[in-house]
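These notes are about the structure you will find just below.
Protein chains get the first letters and strands the later ones, always in sequence-line order, with residue 1 at the start of each.
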There are 2 protein chains.
Amino acid sequence: MHVRRPATLASLAAELGVSRTTVSNAYNRPDQLSPELRRRVLETARRLGYPGPDPVARSLRTRKAGAVGLLLTENLSYAFRDPAAIGFLEGLALACEDAGQGLLLVPANPEREDVAAVHRAGVDGFVVYSVPDDDPHLAAVLERPVPTVVCDQPKIENVDLVGIDDRAAVAELADHLIRLGHRRIGVVCMRLARDRNDGFVTPDRQRKAHFHVQRARLAALAESFGAVGVDWARVPVVERFDHNIACGASAAGQVLDRDPEITALICTSDILALGALQEAARRGLRVPQDLTVTGFDGIPEAERAGLTTVRQPVLEKGRAAGKLLLDIAEHNRPRSVTLGTELVPGTTSAAPRTAEERWFGP
Amino acid sequence: MHVRRPATLASLAAELGVSRTTVSNAYNRPDQLSPELRRRVLETARRLGYPGPDPVARSLRTRKAGAVGLLLTENLSYAFRDPAAIGFLEGLALACEDAGQGLLLVPANPEREDVAAVHRAGVDGFVVYSVPDDDPHLAAVLERPVPTVVCDQPKIENVDLVGIDDRAAVAELADHLIRLGHRRIGVVCMRLARDRNDGFVTPDRQRKAHFHVQRARLAALAESFGAVGVDWARVPVVERFDHNIACGASAAGQVLDRDPEITALICTSDILALGALQEAARRGLRVPQDLTVTGFDGIPEAERAGLTTVRQPVLEKGRAAGKLLLDIAEHNRPRSVTLGTELVPGTTSAAPRTAEERWFGP
DNA sequence: GTGAAAGCGCTAACAT
DNA sequence: ATGTTAGCGCTTTCAC
C-alpha cells in the first residue's frame, strides 16, 4: 500500500486531462467554464480527495492573506479579562467578519523579546492595541510593509490612529467631582509599565508611564485638580499590575490607609472601581455619603452597580480600527479617528460631607 | 521618480552579489554563515527596506502556516458576551501563544452560508467551538486536510474532542435540588438552534436542539426529574436566543407567569440566572426562601452573587483543545478529553417552603 | 561557509 | 470556453 501524495490542482488537472487554469476556474470563476465541465472537475476532486486550492499558495499568488493581524502585547490573561479589551476585540472581529477577513491573534508575549511571530504572520495589515510605547513587537509591525492602525496609543507618523480623548474624558469626570466639592482625593490606576509595581506611584513614574492611556488619564487628573489648588504630589496614587476586582479592593484599601480623609476615590477602570466599592463596604464606609467612587469604561456590571463612570465606545473603537484598515478606499494619508465618551453620573458620587456632618452625622 | 518594487530575498541577494541561500540563512540559520557576512546582509536589507522573508511564501515552502484556526459559528456579538466562550478563547490563545502559534478567528457568520472563509484560512489545524451539529462551516473544516479538535460538540469520528460531561454535571445539580425537595420547577435555557425562538420550548424542540450542550443539559434535567416522578412535559422551559442578563430576567418572568408555583428555576447559564435573580427581586420573591435559582458555568460575577451553579473549567477547555491540536507528539488516533466540573452550592438554593409556610410565613 | 537547482501550489495574463 | 506561459518569494537538499 503506497502513501498517496495529497492531490493538488495540477494532479487533478492531469487526471482530468484539462489545464490547471480550468480547475482553478472551477473553484474561483464558475462562470468561466461550462457547468458540465465544472461538475466533472468538482466530482473528480471529491473522488481524489482534493480539498480545493491550497490557501497559502493562493495567498502567495494573489498577494492577499485574507486576514488582519492583531497585536495585543498584554499578557493574554490580562487582555481577556479586561472588558474594554474584549469589547474592542468584538468590534474588530465584527469589522473583519463584515469584510470576510480573518483576524489573527499574533502571539506576542510581553515576556519574550521574540519578535519572530510578527514576522511570520501572514496578514494584510495590523491592528495594534494598547501596547507600551517602546514595545519591540510594535517596532516589528511597523517594519512590515502592510498598513497598520494603532489604537489607544500615541500617534505614530504615517500610521492610522483610533482612540478616545482620554484627557478630555477624564477632565470631564474631574470637573464633575470638583463641582461636587471634592478636593481631597485618591487614585487607583492600572499598570503603568511592564514592570510590576503594586503600590504607590511617584509623580515621576506617572509621567513616564509606558501605557499611553493610563498616562493620559493621570495627567488629566493632575491638571484638573491642580487647577483648583490640589497639590498633586500629595495625592495618593496606587497602581495595580493585575486587573481584577480584588486588586481594586486592595488598592483602594491602600489609598484609604494612607489618607483616610479623602472624600473621593477615582479609579481608572470600572473593574478597579467595583473593587473599591467592595472595600468601602468592608470598611463600613457608605457610598456616596462617606466616599465617592468613580470608574472608567462603562461596563454593564458597573452600570448595574450605579457606578459613576465614563462610558467609552469600546466596541466602536474596534470596529473603527477594522474599518480603517480594510477600507482601502481612501487609504492614502494617515487618518485619525477620535470617538466620543460620555460622563455617566451614577449613584456613587455626591458632594463630600462637611467636617461638621462627619462628626454629627448626615 | 520611479516606484521601487519592494525588495525581495532575491533582489537583496543580487544586490549583495551572494546567493539567495545565503540571505535566507542570514534570517533563518545565523550559524550557517560568518557573522560578518550576516551583518552585511542585514544591513543591506535595512538599506533597501527589505522587511525580511515574506511570511506567506515561507509558509508555502515550509508547509506550515504557524497558526491555528478557530471556528466560532456564533454571531460574534454573542460569543464575545458569553463568559464561557471568552474563557475558552483565553485558554486556547494561551496554548497557542505557548507554542508560538497564531490564532486565526475564521469569519464564519452563521447567517451566511458562505464557507469560503474556511477554505481561505491559512492554518495548520482547526479548533471548532460549539457550532450547531449541521453547520456547513464545520463540514468545510472537516474536508480540510488538517487536524481538527472540536469542543462542546458531539464526537465526530476521527476528530479529537474536548469537553465536559454536561449530562453528569447537570445530573449532579438536579440531584442537589431534588434532595432539597424541589419537584415543581421551571427552566430557562440558551438558544437551542439557529432559528430564533424566544419563548416556550416543546419537548420536540428540546430533543432536536442543534446545540449539543443545551440539548445535553435539558436531557439530563428531564431524566433526573423524570426519575423522581416529575412529568417533564409539564415543566415550563423557556428559551432565549440572545444571551444577557435582561434575557434571563424576561425568560424567568415568562416561566413564573406560566407557573407561579414553581419552587426552583434552573438556568442553563449563569448570565441567565443572574437575570432570573433580578426578576425574582423585582417580583418581591426572596431567594432562596421563595424561589431557588441556579445557573451554570461558575463565572466570577455569579460566585460574587452567591449563585448556586456548576463550575466548569472553561479556560482549561480552551487550553486542552490547543494542546491537543499542537501536540504532534502522539497525534495518531483521535483522542478525547473530558474535564471535570464541580457543583457550587451557593446561597440561592434551599429547600422549598412547605405549603403551610407559604401561607403563614417562614 | 556558500551557491545552484528544484520546486512548494497556485493564479492571471494572454493566447486560441 | 479552455490552454500556455510565467511567475508569486521563499527554503532546502546537495554539491562545492
Side-chain angles (χ1 to χ4, degrees), chain A residues 4-42 44-45 48-66 116 119-124 144-146, chain B residues 4-42 44-45 48-66 116 119-124 144-146:
Chain A
R4 196 173 64 212
R5 292 202 63 211
T8 70
L9 188 142
S11 71
L12 182 54
E15 171 86 17
L16 281 157
V18 303
S19 80
R20 291 176 313 208
T21 306
T22 300
V23 177
S24 176
N25 284 338
Y27 286 95
N28 303 316
R29 305 177 163 183
D31 52 315
Q32 295 293 299
L33 38 66
S34 61
E36 163 56 16
L37 178 54
R38 180 170 138 90
R39 203 193 49 63
R40 252 184 68 218
V41 171
L42 264 35
T44 309
L48 262 54
Y50 175 64
D54 179 284
V56 175
R58 166 189 273 154
S59 286
L60 174 59
R61 185 59 239 240
T62 61
R63 315 265 48 198
K64 293 224 149 323
H119 291 137
R120 282 191 209 291
V123 295
D124 302 322
R144 290 273 308 256
V146 294
Chain B
R4 195 173 65 213
R5 291 203 64 211
T8 69
L9 188 144
S11 70
L12 183 54
E15 171 85 17
L16 281 156
V18 302
S19 80
R20 292 177 310 209
T21 308
T22 300
V23 178
S24 176
N25 283 338
Y27 286 95
N28 303 315
R29 304 177 166 183
D31 50 315
Q32 295 294 297
L33 37 62
S34 62
E36 163 56 15
L37 178 53
R38 179 169 137 91
R39 205 193 47 66
R40 250 183 71 216
V41 171
L42 264 33
T44 309
L48 262 54
Y50 176 66
D54 179 283
V56 175
R58 166 188 272 154
S59 287
L60 174 58
R61 185 59 238 240
T62 60
R63 314 267 50 206
K64 291 223 149 322
H119 292 137
R120 283 192 208 291
V123 297
D124 301 323
R144 290 273 309 257
V146 294

Length of the line joining [X]:[atom1] and [N]:[atom2], which is rounded to integer Å:
X        : N      : atom1 : atom2 : value
A:Leu60  : D:dA6  : CG    : P     : 18 Å
B:Arg63  : D:dT12 : CZ    : P     : 13 Å
A:Arg144 : D:dG9  : CZ    : P     : 13 Å
A:Arg38  : D:dT2  : CZ    : P     : 13 Å
B:Leu12  : C:dT2  : CG    : C1'   : 15 Å
B:Asp31  : C:dG1  : CG    : C1'   : 11 Å
B:Leu33  : C:dG3  : CG    : C1'   : 12 Å
B:Leu37  : C:dG3  : CG    : P     : 8 Å

Mind checking what makes side chain to side chain contact (heavy atoms under 4.5 Å, CB included) contact with [X], not counting sequence neighbours?
X       : result
A:Pro53 : A:Tyr27, A:Tyr50, A:Arg58
A:Thr21 : A:Ser19, A:Asn25
A:Ala65 : A:Asp124

Output side-chain donor-acceptor pairs under 3.5 Å for residues 8-16 of chain A, partner residues at least two apart or in another chain, one line each.
from: A:Thr8; atom 1: OG1; to: A:Ala10; atom 2: N; distance (Å): 3.2
from: A:Thr8; atom 1: OG1; to: A:Ser11; atom 2: N; distance (Å): 3.2
from: A:Ser11; atom 1: OG; to: A:Thr8; atom 2: N; distance (Å): 2.9
from: A:Ser11; atom 1: OG; to: A:Thr8; atom 2: O; distance (Å): 2.9

Mind checking what makes side chain to side chain donor-acceptor pair (under 3.5 Å) contact with A:Ser24, not counting sequence neighbours?
A:Asn28
What does nucleotides 10-16 of chain C look like as a protein-contact string, B for base, S for sugar-phosphate only, - for none, at under 4.0 angstrom between heavy atoms?
BBBB---
Let me confirm one number: the OG1-CD distance from A:Thr22 to A:Gln32, rounded to the nearest 0.5 Å.
10.0 Å
Sugar-phosphate, base or nothing in reach of B:Val56, heavy atoms under 4.0 Å:
nothing
Is the phosphate of D:dG3 approached by A:Thr22 (side-chain N or O, under 4.0 Å from OP1 or OP2)?
yes
